[in-house]
Every structure is written in C-alpha cells, then in structure tokens.
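Position 1 is the first residue of the sequence, and the numbers go up from there. Quick caveat: nothing in here was measured; it's all calculated off a predicted structure.
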Amino acid sequence: MSKDNKSGGKTATDPSAKDTHYATLRRAHRDAKRERGEIPTPQPQKRKRGGEDWKPPALAPDQVHLYGLHTVRAALDNPERKKIKLFVTQNALARLEVDVEALGIPFEIVSPQEIDKVLGPEAIHQGVMLETRPLPVRRLEALKDSPLLLVLDQVTDPHNVGAIMRSAVAFNAGAVITTQRHSPTESGVLAKSASGALELIPYIQVTNLADALGELHKLGFSTIGLDSEGPAPLEGTFSGEKVALVLGSEGKGLRQKTRETVNALARLDMPGAIKSLNVSNAAAIALYAARLHLKA
C-alpha cells in the first residue's frame with residue numbers, strides 16, 4: 001500500500017501534511033506515556049456510547065483477540081505466538097510501525113467501528129486487533145533453573161494479573177503460576193493490562209495449586225505465602241537460592257490449603273495506618289525484596 005494511503009491521502013505539497021505529521025507524533029508520545037502508566041487511560045464511558053446492547057461474539061477455545069498498539073507489537077514480535085489475522089485502521093497502521101506485508105499473515109484495513117463490533121465499546125483498542133492462538137502450554141518442570149517465581153492463589157481480576165505480570169517481567173521472574181479456576185484466562189483484557197508482558201513470561205495455569213506447590217518444593221523452591229497476619233516480616237523469611245512467592249486473591253487472601261502447603265507465611269511490614277495493599281502492589285514489593293535476597 002502506498003505512502004499516500006498511509007498518510008490519509010496527503011502529499012508533501014499539501015499544507016496540512018506538516019500538521020498531520022506533528023499530530024501523529026503527539027499521539028504516539030501520549031500512547032507511550034499511557035502504556036508506561038504515566039498518564040491515565042480515558043474512561044470508556046466518556047469515549048463511546050450505546051454499548052448497552054453489545055454482546056460479545058462467540059470465540060472458539062483456541063481463539064484469542066489481542067488489542068492495543070503495545071500489546072499487538074509485542075505479540076507480533078513473539079515467535080512463539082501463532083498469529084492468524086491482523087485488523088488495523090489506516091491511522092493505527094502508521095503508528096504500529098511494522099511492515100505488514102512482511103509479517104506473513106493476512107491483514108485487513110478496517111474502521112474503528114468494525115473493531116468495536118468485535119471487542120465491545122469499552123475496549124481501548126487504539127485501532128488495532130490481532131487474532132491469535134493461545135501461547136503454548138508450559139510445564140513446571142521447565143522452571144527448575146529459574147531462581148524466582150510468582151504464584152497466584154485465585155487472583156480473579158485480569159487487570160491485577162496483568163499488572164502483576166509487568167512487575168514479574170521487570171524483576172526477571174521465571175513465570176507467573178495461577179489456578180485454572182477463578183483466575184483469568186489468556187485474553188485481550190489480560191494482555192492489554194500486561195502491556196506486552198504476556199509475551200515475555202510464561203503464564204502457567206494449574207488444576208491443583210497445592211500439588212503444584214509440592215512439585216515446586218521437589219524442584220528446590222522455598223515457597224513463601226504473603227499474609228497480612230504473617231508471623232514474620234518477609235525480608236527475614238527468605239532462605240535458599242530459589243524462591244516462589246505466593247499471593248492470595250483480592251479480599252480473601254490465601255486459601256487455608258495454600259497456607260498449610262507453603263514453607264512459610266510472611267507479612268509485608270508497613271509502618272503506616274494502612275496495613276494491606278492491592279495485590280499487584282504487594283507483588284511488586286515482594287519481588288523487589290526477593291531479588292535483594294537472591295543477590296546477597
């Protein structure tokens with residue numbers, strides 16, 4: 001497709017071409033700041049109306065729709081991700097900064113409204129959607145050489161799990177392990193919240209968390225469950241050269257069976273009036289503390 005088409009039909013002699021160029025740069029800068037969490041994402045209700053009647057299309061078990069510029073870029077760069085088809089608006093194509101002809105997958109130029117029909121009125125898709133297959137299933141045995149893992153005990157909110165995945169990648173954890181039930185599956189919402197991290201770290205869902213913790217023990221991991229009433233501060237609980245941090249669900253915390261299975265329970269000591277944190281914030285602090293222990 002021609003450069004004229006990609007720029008909306010404007011040529012170098014068009015007096016508005018310069019304005020269009022600078023508008024594109026401003027949008028790219030704003031999107032980058034949103035993806036880093038430096039500025040908030042616009043509230044969906046202010047962006048679109050009339051979504052009350054929208055119903056999601058039925059997806060096959062092996063069908064995943066990823067959306068958002070950063071998320072789709074990361075998926076396109078991931079050799080383990082099976083890509084089926086790219087749907088992109090004319091404006092988003094320029095901002096995506098990929099050679100779609102060289103991708104080797106079908107692509108279609110669409111309107112934002114066509115993507116809305118698939119994703120719904122609340123999805124901040126930025127004009128791009130990628131149909132894919134789920135990532136390959138990973139086994140716990142493959143993590144035996146990873147010194148740091150993160151285990152989630154029925155954390156249900158995909159936004160929290162996505163934020164946790166970003167922190168896990170930032171602190172070079174080997175995987176995020178969670179339960180198959182009462183946990184988000186691989187989805188566009190999870191991937192968008194993870195802002196590319198889903199492509200960078202294994203997301204392993206297990207049928208029985210207690211059995212999985214037992215397998216981690218056999219692989220040499222010390223498992224530490226975070227609990228606001230834990231008997232000792234986290235930084236004094238670490239031992240060994242391989243650590244698996246276990247965090248509980250929003251509100252309920254760790255289940256009793258999980259508390260009985262981990263090697264130790266520990267708390268995050270907080271001197272202020274608030275003694276509990278959002279699970280994604282707690283995960284980031286715990287990962288930082290674990291890294292200090294592993295470096296010592």
Side-chain angles (χ1 to χ4, degrees), residues 31-39 41 64 66-83 97 124 126 130 132 134-140 142-153 155-179 183-206 212 216 219 221 223-224 226 234 238 241-248 250 268 277-295:
D31 289 340
K33 293 185 73 172
R34 277 199 189 111
E35 289 162 0
R36 294 194 298 267
E38 295 175 6
I39 59 175
T41 298
V64 178
L66 304 179
Y67 57 87
L69 290 169
H70 194 70
T71 301
V72 170
R73 279 194 211 105
L76 291 173
D77 288 340
N78 184 1
E80 295 190 353
R81 171 73 71 176
K82 172 73 172 176
K83 301 98 176 172
E97 299 176 338
I124 309 297
Q126 299 174 296
L130 179 66
T132 78
L135 287 167
V137 175
R138 303 291 185 89
R139 304 296 179 188
L140 296 180
L143 307 175
K144 60 183 179 182
D145 296 325
S146 300
L148 179 59
L149 303 176
L150 201 56
V151 182
L152 306 180
D153 185 8
V155 177
T156 58
D157 187 341
H159 298 91
N160 275 337
V161 176
I164 288 169
M165 293 183 79
R166 292 193 68 184
S167 296
V169 170
F171 289 103
N172 201 29
V176 174
I177 301 166
T178 187
T179 54
S183 297
T185 57
E186 186 178 331
S187 67
V189 175
L190 174 61
K192 186 68 163 64
S193 301
S195 193
L198 180 61
E199 310 299 323
L200 300 174
I201 187 170
Y203 181 58
I204 301 175
Q205 294 187 287
V206 298
L216 293 180
L219 293 174
F221 284 92
T223 57
I224 303 175
L226 267 69
L234 176 62
F238 292 115
E241 298 178 352
K242 297 164 75 172
V243 174
L245 298 166
V246 187
L247 289 90
E250 305 92 341
L268 294 178
L277 296 173
N278 174 278
V279 65
S280 63
N281 293 332
I285 295 171
L287 285 164
Y288 177 76
R291 272 292 160 201
L292 290 180
H293 161 74
L294 294 170
K295 286 170 60 178

- Task: Indicate the atoms forming the closest heavy-atom contact of P158 with L190, along with that distance.
- Result: O-CD1, 3.6 Å
- Task: Please step through side-chain contact (heavy atoms from CB on, under 4.5 Å) for the pair L226 and L245, ending with a clear verdict.
- Result: CA-CA 7 Å; L226 267 69; L245 298 166; 4.3 Å; yes
- Query: Distance-only, no hydrogens or angles: does the K242 side chain make a donor-acceptor pair with backbone N or O of K144 under 3.5 Å?
  - Reply: yes
- Message: Test side-chain contact (heavy atoms from CB on, under 4.5 Å) on F221 and L148; report intermediate values, then the result.
- Response: CA-CA 8 Å; F221 284 92; L148 179 59; over 6 Å; no
- Between V176 and A168 the two heavy atoms that sit nearest each other are CG2-CB, 3.8 Å
- Query: Do the non-hydrogen side-chain atoms of I177 and V246 ever get within less than 4.5 Å of each other?
  - Reply: no
- For T179 and S183 the tightest heavy-atom approach is OG1-OG, 2.8 Å
- Please examine the side chains of P184 and Y203, heavy atoms only from C-beta on, and report whether any two atoms are closer than 4.5 Å. yes
- Item | Heavy-atom donor-acceptor pair, R291 side chain to A286 backbone, under 3.5 Å | no
- Item | Side-chain ion pair, E186 and R81, N-O less than 4.0 Å | yes
- Gap between atom OG of S280 and atom CZ of R166 - 0.5 Å precision: 11.0 Å
- L219 CG to L149 CG distance, which is reported to the nearest 0.5 Å: 9.0 Å
- Query: Stepwise, does the side-chain contact (heavy atoms from CB on, under 4.5 Å) test hold for L130 with K83?
  - Reply: CA-CA 7 Å; L130 179 66; K83 301 98 176 172; 4.1 Å; yes
- T178 and V161: side-chain contact (heavy atoms from CB on, under 4.5 Å), yes or no, with the steps? CA-CA 10 Å; T178 187; V161 176; over 6 Å; no
- Query: To the nearest 0.5 Å, how far apart are CD1 in I124 and OG1 in T71?
  - Reply: 12.0 Å
- Minimum heavy-atom distance A173-L287, with the two atoms named: CB-CD2, 4.4 Å
- side chain to side chain contact (heavy atoms under 4.5 Å, CB included) partner of L200, the single match among D77, N78, V169: V169
- From D157 CG over to I164 CD1, what is the distance, rounded to the nearest 0.5 angstrom? 9.0 Å
- Would you check if the side chain of H70 reaches a backbone N or O of S195 as a donor-acceptor pair within less than 3.5 Å? yes
- Item | Euclidean distance, L234 CG relative to H293 NE2, rounded to 0.5 Å | 10.0 Å
- Item | Residue pair L294 / P147: nearest heavy atoms and the distance that separates them | CD1-O, 3.8 Å
- Task: Without swapping roles, check the side chain of K192 against the backbone of G162 for a donor-acceptor pair under 3.5 Å.
- Result: no
- Query: Under 30°, 30 to 60°, or over 60°: which ring-plane class applies to F171 and Y288, parallel, tilted or perpendicular?
  - Reply: perpendicular
- Query: When rounded to the nearest 0.5 angstrom, what is the spacing between CG in D153 and CG in L247?
  - Reply: 9.5 Å
- Does the distance from a Lys or Arg side-chain N to an Asp or Glu carboxylate O, for R138 and E80, drop under 4.0 Å? yes
- Could you tell me which non-hydrogen atom of I201 sits nearest to which non-hydrogen atom of A175, and how far apart they are? CG1-CA, 3.7 Å
